[in-house]
Every structure is written in C-alpha cells, then in structure tokens.
Student: 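Could you have a look at this structure, given as structure tokens, before my questions?
No hydrogens, no waters, no symmetry mates; every other heavy atom, side chains included, goes into these values. Bear in mind that the values here come from a model prediction, so they are computed numbers and not experimental data.
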Amino acid sequence: MITKREDIRNVAIIAHVDHGKTTLVDELLKQSGVFRENQEVAERVMDSGDIERERGITILSKNTAVTYKNTKINIVDTPGHADFGGEVERVLKMVNGVILVVDAFEGAMPQTKFVLRKALELKLPVIVCINKIDRPEARPEEVVDEVLELFLELDADDAQLDCPFVYASAKSGIASMDPSQAGTSMAPLFDTILEYIPAPEGDTEAGTQVLISTIDYNEYVGRIGIGKVENGSVKVNQEVVICNHHDPDKLIKTKISKLYEFDGLAKVEVNEAKIGSIVAISGISEIHIGDTICSPDAVSPIPFQKISEPTIAIDFCVNDSPLAGQEGKFVTSRHLRDRLYRELNTDVSLRVEDTEDTDRFKVSGRGELHLSVLIETMRREGYEFAVSKAEVLYKTDEKGNKTEPMEIAYIDVPNDCTGAVIEKLGSRKGELRNMSSISGGTYTRLEFSIPSRGLIGYRGEFLTDTKGNGVINTEFDGYAPYKGDISYRKLGSLIAFEDGEAITYGLFNAQERGTLFIGPGEKVYSGMVVGETGRSEDIEINVCKKKQMTNTRSSSADEALRLTPPKILSLEQALDFIETDELLEVTPLNLRIRKKILDPRLRKRAGFNKD
C-alpha cells in the first residue's frame with residue numbers, strides 16, 4: 001500500500017561554490033532550536049574537516065536534520081566545487097526536492113548549471129533561494145531572470161518552472177518572499193519547504209529497500225552506509241541481502257547490527273526506520289555506494305546513475321630522495337597503497353590503480369583541487385611521498401581517434417586584463433566562444449572552450465595577469481578530438497648542484513639567476529629545484545657554496561649580503577609549477593620540487609634537459 005510520510009521532508013541544498021549553502025544550513029539549525037541559547041557554535045558548523053574550514057569550501061556532503069512544526073526536515077549540505085560533483089550526483093537520489101542557492105550579485109554560475117541539471121534530470125522540485133540580498137551590489141530581480149533562463153535552457157517542465165523564489169540573507173538569518181521587504185527569520189523558507197517539497201512515499205507493506213547514496217567511514221565501526229528507506233521498513237538484527245543494479249552477481253547476505261537516524265548534528269541510534277527516513281547503517285563491511293539493502297524474499301535493486309568518470313591523473317610514488325624518511329611517519333609503498341585504497345571507502349569519484357612499478361600508484365580524480373585535497377590530507381596524517389605532474393586521461397573514439405576531456409571556462413576579468421588572458425589561453429589551445437560586459441562595464445566575461453590539460457598550471461599565471469582580481473570557473477564539457485601539443489611552462493628551473501645546506505653566500509650569487517624558493521639553512525640535494533630562472537633552459541647552481549676565509553677578509557662578511565625573500569609555494573602552486581620531468585616531494589613538514597632523475601649526467605643522457 002503506497003503511503004506518504006507527511007511528518008518528514010528530505011531536501012538537498014545545492015549551489016555554486018561560495019554562494020552560501022553551509023551558512024544557510026547554520027541558520028536553519030540555529031532557528032530550529034538544535035543548539036542551546038548559550039551554546040557556542042562555530043561558523044559553518046557543517047564544514048567539520050580542517051581543510052574545509054581553512055579553505056572555506058565544502059568537500060564532503062553531510063546530513064543533518066531539524067524539526068519545524070512537528071515535521072522532521074532531513075537536510076543534505078553538498079559541495080559547490082566542480083571537482084566534488086560526484087558527491088552532488090549521488091545524494092540527489094536520497095532527497096525529494098532541492099533548494100538551489102544563488103548569490104544575489106553573482107547570479108547563475110557554471111556550477112549552478114551543473115547541479116541544477118542533475119536535479120532536473122531526476123524530476124526533483126526546486127526551491128530557488130536568492131541569497132546575500134543584503135549585499136550593497138545585490139540585483140535580485142535580474143538574478144531571478146537569469147535563473148529562469150537557466151531553467152528554460154535545461155528543458156525544465158512546467159511544474160519545475162513554476163518554482164517558488166525565496167529571498168534570504170543566510171548571514172543575517174532572515175528570509176522573505178518579497179525582495180523589497182526584509183524578513184525577520186528563516187520561517188518563510190521553512191514554510192516553503194513544508195509546502196513545496198513533497199513528502200516521501202513508498203509501499204509500507206513491501207519488502208525492505210534502502211538505497212545507499214553515501215558512505216561514511218569510522219575507524220571504530222568501519223564503513224557506514226547512508227541512504228533513504230524507499231519501501232517497507234528496516235530493523236536492527238534484520239536479515240537482509242545487499243544487491244546492486246550495475247552488478248547482477250552481487251548478492252551478499254548479512255544482518256543489520258546498528259541503525260541510526262539524524263537529529264541535529266548527531267546520529268541517534270534507533271531500532272526501526274520506516275519509509276522516507278534517511279538512515280545510517282554500520283557494521284556491514286561489503287557495503288558500497290549504489291548498493292540496495294533488500295529483504296531476502298524480495299531482492300530488487302534500485303537503479304543508480306553511474307558517477308562521472310575521472311578526467312585527470314597523478315602518480316603517487318614512494319619518496320626516494322636523499323632526504324627520504326626523515327620527516328614522515330608512513331613512508332613505505334605498503335603504507336602508501338593501504339592509505340590510497342582506504343580513500344576509496346568514502347570517495348566514489350576517485351580511482352586508484354597499481355602500476356608495473358610497485359612503488360608507484362596511478363590516482364585519477366575529477367580535477368586538480370580534488371587530488372590536491374587528498375595530498376594535503378595525507379601529509380597532515382604523517383605520510384611522506386612524491387607526486388608527478390597532473391595529466392589528463394585520454395580516450396579513443398569508435399574510429400580509433402584520440403580524444404581528450406574539454407572544459408568550458410567562464411572568466412571574469414577587469415577590462416584592461418582581457419588581452420593577456422586571451423593571449424595565454426589561446427596558446428593553451430583555448431577557443432574564445434563569447435565575450436560580454438558585466439558589472440556596469442568595468443569587467444569582461446570571457447567564455448572559452450579549452451582542453452582540460454590547457455588549464456593545468458594556469459591558475460597561478462591567471463592571478464598574476466589579472467592582479468588578483470580575476471575569477472575563473474570551469475564546467476566539464478565531455479570529450480573532443482585531441483587539440484595538439486601544449487607547452488606548459490616557458491621558464492626553466494634552478495637546480496641545486498650538490499647535497500648540503502643552503503648558505504647565504506651561495507644564495508646571494510644564485511638570486512641573480514632567477515627567483516629562489518628556499519632560504520638560508522634549508523637542506524638541499526643534487527637535482528632539487530631551488531628556484532625558477534628567467535630563461536627557458538634549466539640552470540644548475542651551487543647554493544651550498546661558502547665564502548672562503550683569506551688573510552684579507554673573514555667569512556663573517558656574509559652578514560652584509562642582502563637576500564631577496566624566497567617565493568614560498570603552496571601545494572597548489574607547486575603542483576602547477578612542476579614540469580613533466582619533475583616530481584613534488586611531499587612530507588608533513590616540507591614541499592620540495594625535484595627532478596625525476598637526480599644525477600645531472602644521467603639526466604642529460606636521458607634527454608630531459610630542455611635544449
């Protein structure tokens with residue numbers, strides 16, 4: 001018998017990066033009474049990871065639940081960055097509607113289009129929340145038109161086009177149905193959710209069906225499957241079968257040992273959950289995303305869309321430099337392999353492959369940020385390893401032609417910087433598709449079609465060319481025929497000549513050759529990249545060179561030498577900088593760039609020099 005659970009609503013919050021999803025969830029939690037009045041609450045409480053807090057981005061989708069007017073509202077906060085799109089794709093199967101958050105100034109952006117397309121394909125009703133209406137330059141009426149145009153472009157049906165618009169300031173904790181009148185609380189948004197998001201429905205008398213959309217991982221209980229009860233009910237100690245729509249041979253008999261529902265920020269243990277409930281199930285080690293938990297007498301897997309394939313790959317290698325093993329806790333290939341394969345427990349968009357070399361693993365992901373977050377997480381956990389330059393994953397079409405992943409890049413730059421950006425992207429095989437004036441004529445929006453590899457290592461140059469005022473957003477645009485070779489870096493590297501410690505005297509002489517990445521007192525080794533030259537070829541220098549004492553001058557005269565402060569590269573900048581014949585040595589304490597072949601004679605013999 002098909003019934004509706006009127007006491008539950010399941011909704012996901014989707015948006016472009018930095019449009020205010022997580023701040024909006026904060027206010028919904030506060031105003032629903034989840035926290036005590038005197039409780040100290042961190043900003044962006046849903047961004048629980050250290051890296052999420054530091055970068056101000058959401059990386060993993062997270063579940064929470066609030067109660068409003070005796071109705072439980074399960075809320076899923078999703079990432080806004082394109083590299084974590086795999087998170088968004090799968091959680092939409094868990095909800096009955098979405099709240100699309102759009103910045104009242106920036107309007108509809110590339111990732112807005114991506115997440116909205118996914119929601120419309122699943123025929124989910126959409127509530128549009130125009131956020132940040134208190135910004136001085138807010139333009140809510142124009143943004144509403146942009147969003148409606150986006151709906152039309154994505155072939156939304158009449159019911160989806162007739163969606164409600166809510167105007168909010170998540171930071172101030174107010175929402176209103178009228179842009180000209182400021183609200184006093186989030187009540188209008190809560191009421192719109194109850195009225196417009198349909199209650200979950202299912203057959204209460206049918207066998208159990210729970211579709212697993214997210215996997216959490218805990219060192220104490222192992223894998224935790226999170227999903228929605230589609231039909232029937234699920235109970236503790238119930239005998240079930242795990243099956244999968246894409247893998248007909250997968251049939252695993254098991255038992256539900258622990259069952260949780262969400263309440264505020266906590267998981268609450270329950271004995272039974274009925275249709276529409278979002279539950280967490282622990283104690284089943286074989287559970288994966290896309291699996292369906294069924295009753296043994298009614299095995300029926302629920303279809304689950306395939307997650308988009310990775311487009312970019314990096315080699316993770318055991319660190320074999322002369323300084324290897326001095327700073328990291330986990331340094332062997334076994335440590336590295338175990339950690340990478342453990343990441344697959346929670347990250348569905350990642351691929352890890354063994355290679356012919358037992359000390360090297362190929363890791364594929366959705367973009368540079370996706371992989372750099374993994375690298376940063378591992379170094380913080382005490383791992384020491386080396387990574388290669390990011391390379392795109394090519395495919396072959398039916399005719400045997402080589403194809404490569406393409407991106408649409410939307411770039412907002414000050415008018416006086418457009419020439420430099422067009423020239424740089426043109427040299428990286430970018431084709432200018434569109435050009436329009438925005439922000440009252442002071443900025444230009446450029447739209448490029450460009451190979452994914454053309455954007456590797458470009459963001460640093462882009463910020464320099466636009467004096468830090470440019471914004472670049474990208475959207476994956478499928479595969480297209482190979483566009484030809486691209487030369488990434490025009491400038492060569494300064495390479496240390498010998499092992500030792502960098503000395504002020506040696507650095508003073510070296511800084512005339514280019515920009516240094518290290519300062520005095522740092523350990524170096526032969527083949528380590530210590531800077532960037534102003535010329536196209538690599539230059540070997542001796543930064544360990546000391547000023548010899550003679551009878552006319554003392555070695556302490558070094559104190560008079562003035563060094564230019566070194567350019568300290570962040571992880572992303574270092575990944576952008578390295579060339580195909582270089583590696584980035586990653587340790588918990590340092591990032592060092594080095595040549596793959598450290599010995600200068602062997603390097604020349606292998607033809608790695610750029611002459």
Student: Looking at residues at least two apart in the chain, or sitting in another chain, which of them share a side chain to side chain contact (heavy atoms under 4.5 Å, CB included) with Leu584?
Tutor: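 Leu584 satisfies side chain to side chain contact (heavy atoms under 4.5 Å, CB included) with Val387, Leu571, Ala574, Leu575, Ile578, Val586, Leu591, Ile593 only.
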
Student: Would one find more than 12 heavy atoms of other residues, nucleotides or ligands at under 6.0 Å from atom CZ of Phe151?
Tutor: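 Buried by this count: over 12 neighbours within 6.0 Å.
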
Student: Tell me, yes or no, whether the heavy-atom count around Glu137 atom CD, taken from other residues, nucleotides or ligands under 6.0 Å, exceeds 12.
Tutor: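 For Glu137, atom CD is crowded (more than 12 foreign heavy atoms under 6.0 Å).
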
Student: Identify whether the distance between the nearest side-chain nitrogen and carboxylate oxygen of Glu582 and Lys595 falls below 4.0 Å.
Tutor: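 Yes, Glu582 and Lys595 are salt-bridged.
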
Student: For Lys483, is the NZ atom crowded, meaning more than 12 foreign heavy atoms sit under 6.0 Å from it?
Tutor: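 Yes.
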
Student: Determine, for Lys424 against Asp465, whether the closest basic-nitrogen to carboxylate-oxygen distance falls under 4.0 angstrom.
Tutor: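 Looking at Asp465 together with Lys424, the answer is yes, because their closest N to O distance falls below 4.0 Å.
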
Student: For the backbone of Asp397 and the side chain of Thr403, can you confirm whether one donor and one acceptor N or O come within less than 3.5 Å of each other?
Tutor: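 It does not hold such a pair.
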
Student: Ser452 and Glu407: side-chain donor and acceptor closer than 3.5 Å?
Tutor: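 Glu407 and Ser452 do have a side-chain donor-acceptor pair below 3.5 Å.
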
Student: Is a salt bridge present between Asp320 and Arg594, judged by a nitrogen-to-oxygen distance below 4.0 Å?
Tutor: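 A salt bridge links Asp320 with Arg594.
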
Student: Considering residues at least two apart in sequence or located in another chain, which fulfil the ring pair (Phe, Tyr, Trp, His ring centres under 6.0 Å) criterion with Phe448?
Tutor: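 Phe448 satisfies ring pair (Phe, Tyr, Trp, His ring centres under 6.0 Å) with no other residue.
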
Student: Specify the closest pair of heavy atoms between Leu393 and Pro310, including all atoms of both residues, with the distance to one decimal.
Tutor: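 In terms of heavy atoms, the two residues are closest at CD1-O, 3.6 Å.
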
Student: side-chain hydrogen bond (donor to acceptor under 3.5 Å, both in side chains) with Thr444: which of Asp412, Asp416, Asn415, Thr418?
Tutor: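 Output: one option passes, namely Asn415.
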
Student: Name all residues meeting the side chain to side chain contact (heavy atoms under 4.5 Å, CB included) criterion together with Glu121; count only those two or more places apart in sequence or in a different chain, and write none if there are none.
Tutor: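 Testing Glu121 for side chain to side chain contact (heavy atoms under 4.5 Å, CB included), a comparison that skips the adjacent residues, returns Arg117, Lys118.
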
Student: NZ of Lys402: more than 12 outside heavy atoms within 6.0 angstrom?
Tutor: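 Check passes, neighbour count above 12.
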
Student: Verify side chain to side chain contact (heavy atoms under 4.5 Å, CB included) between Leu340 and Met378, making sure each step is shown before the conclusion.
Tutor: CA-CA 9 Å; Leu340 289 172; Met378 287 174 63; 3.9 Å; yes

Student: Taking the six-membered ring where the residue is Trp, are the ring centres of Phe361 and Phe316 under 6.0 Å apart?
Tutor: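 That pair fails the under 6.0 Å test.
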
Student: Begin with the C-alpha distance, continue with both residues' side-chain angles, and end with the deciding distance and a verdict on side chain to side chain contact (heavy atoms under 4.5 Å, CB included) for Phe508 and Leu563.
Tutor: CA-CA 6 Å; Phe508 182 75; Leu563 289 178; 3.9 Å; yes

Student: Checking Leu425 against Ile411 for the side chain to side chain contact (heavy atoms under 4.5 Å, CB included) test, could you report, in this order, the C-alpha distance in whole Å, the side-chain angles of both residues, the deciding distance, and whether it holds?
Tutor: CA-CA 11 Å; Leu425 287 183; Ile411 301 172; 3.3 Å; yes

Student: If only atom types and distance count, is the side chain of Gln511 paired as donor or acceptor with the main-chain N or O of Thr564 below 3.5 Å?
Tutor: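 Checking the backbone N and O of Thr564 against the side chain of Gln511, a donor-acceptor pair under 3.5 Å is found.
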
Student: Check whether Asn319 reaches the backbone of Ala386 with its side chain - one donor and one acceptor, N or O, closer than 3.5 Å.
Tutor: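 No.
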
Student: Is any side-chain N of the basic residue among Glu327 and Lys523 closer than 4.0 Å to the acidic one's carboxylate O?
Tutor: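 Salt bridge: no.
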
Student: Do Asp538 and Arg603 meet the salt-bridge criterion of a basic N to acidic O distance under 4.0 Å?
Tutor: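 A salt bridge is absent here (no side-chain N lies under 4.0 Å from a carboxylate O).
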
Student: Measuring from Arg592:CZ to Thr587:OG1, what's the distance to the nearest 0.5 Å?
Tutor: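 OG1 of Thr587 is found 5.5 Å from CZ of Arg592.
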
Student: I need the Leu350 CG to Ser364 OG distance, nearest 0.5 Å.
Tutor: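 Nearest 0.5 Å value for the CG-OG distance: 7.5 Å.
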
Student: When you look at Tyr394 and Arg453, which way does the side chain to side chain contact (heavy atoms under 4.5 Å, CB included) test go after all the steps?
Tutor: CA-CA 10 Å; Tyr394 299 106; Arg453 64 197 165 99; 3.4 Å; yes

Student: Rounded to the nearest 0.5 Å, what separation is found between the OG atom of Ser436 and the CD atom of Glu447?
Tutor: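 Those atoms lie 8.5 Å apart.
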
Student: Do the charged groups of Glu146 and Arg139 touch, with an N to O distance under 4.0 Å?
Tutor: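 Salt bridge flag = yes for Arg139 with Glu146.
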
